[in-house]
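On a predicted model such as this, the values are computed, not experimentally measured, just so you know.
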Amino acid sequence: MRLLADLFLLIGAAFALLSALGLLRMPDTYNRIQAGTKAVTLGALSFILGIGLLYPEWWAKLLVIAGFILFTNPVGSSSIARAIHLAGIQSWQRAASDPQALKAPQEDKSA
């Protein structure tokens, strides 16, 4: 049981790390919200499962915490995304940072 709990704790840590990397690497706020909420939700639930396996007497409290996380993370991220949209912040466009990306590919006339 200890090994399985440690595995879930490790998976939770990996998702938390990936979420932090996503917050740093994503190009705009909308993408950062995705990285910050979905990966953290999976990481937190994995943490909770691992802790529940280590301390079985805490399951009732952990289920309440998991339910709270599952309810508040989507609502919070949607509220933040809506507020950003209403503030007029545009999403990232590849063409704005790389004008070469919109050009049509050149046909190969040698063939």
Self-check item: From CD1 (I84) to OG1 (T29), nearest 0.5 Å
Solution: 5.0 Å
Quiz item: What's the spacing between D6 CG and I11 CD1 if we round to 0.5 Å?
Solution: 11.0 Å
Quiz item: Side chains of L9 and I51: closer than 4.5 Å at any heavy-atom pair?
Solution: yes
Practice problem: Might you point out which heavy atoms bring L23 and A35 nearest each other, and give the distance in Å? | Solution: N-CB, 4.2 Å
Quiz prompt | Test item: S46 side-chain N/O and F8 main-chain N/O as donor-acceptor pair under 3.5 Å | solution = yes
Quiz item: With distance as the sole test, does S19 use its side chain to make a donor-acceptor pair with the main-chain N or O of F15 at under 3.5 Å?
Solution: no
Practice problem: Compare all side-chain heavy atoms of L45 with those of L70 and state whether any distance is below 4.5 angstrom. | Solution: yes
Exercise. Return the set of residues passing side chain to side chain donor-acceptor pair (under 3.5 Å) with T41 (not counting sequence neighbours), or none when no residue passes.
Key: N73
Quiz item: Rounded to the nearest 0.5 Å, how far does CZ of F47 lie from CG of L62?
Solution: 13.0 Å
Self-check item: Under 3.5 Å: donor-acceptor pair, side chain of S78, backbone of V75
Solution: no
Self-check item: Salt-bridge contact R32-D28 (side-chain N to carboxylate O under 4.0 Å)
Solution: no
Quiz item: Do the side chain of W59 and the main chain of G52 share a donor and acceptor less than 3.5 angstrom apart?
Solution: yes
Quiz item: Would V40 and I69 satisfy side-chain contact (heavy atoms from CB on, under 4.5 Å), going step by step from the backbone distance to the final call?
Solution: CA-CA 10 Å; V40 166; I69 289 172; over 6 Å; no
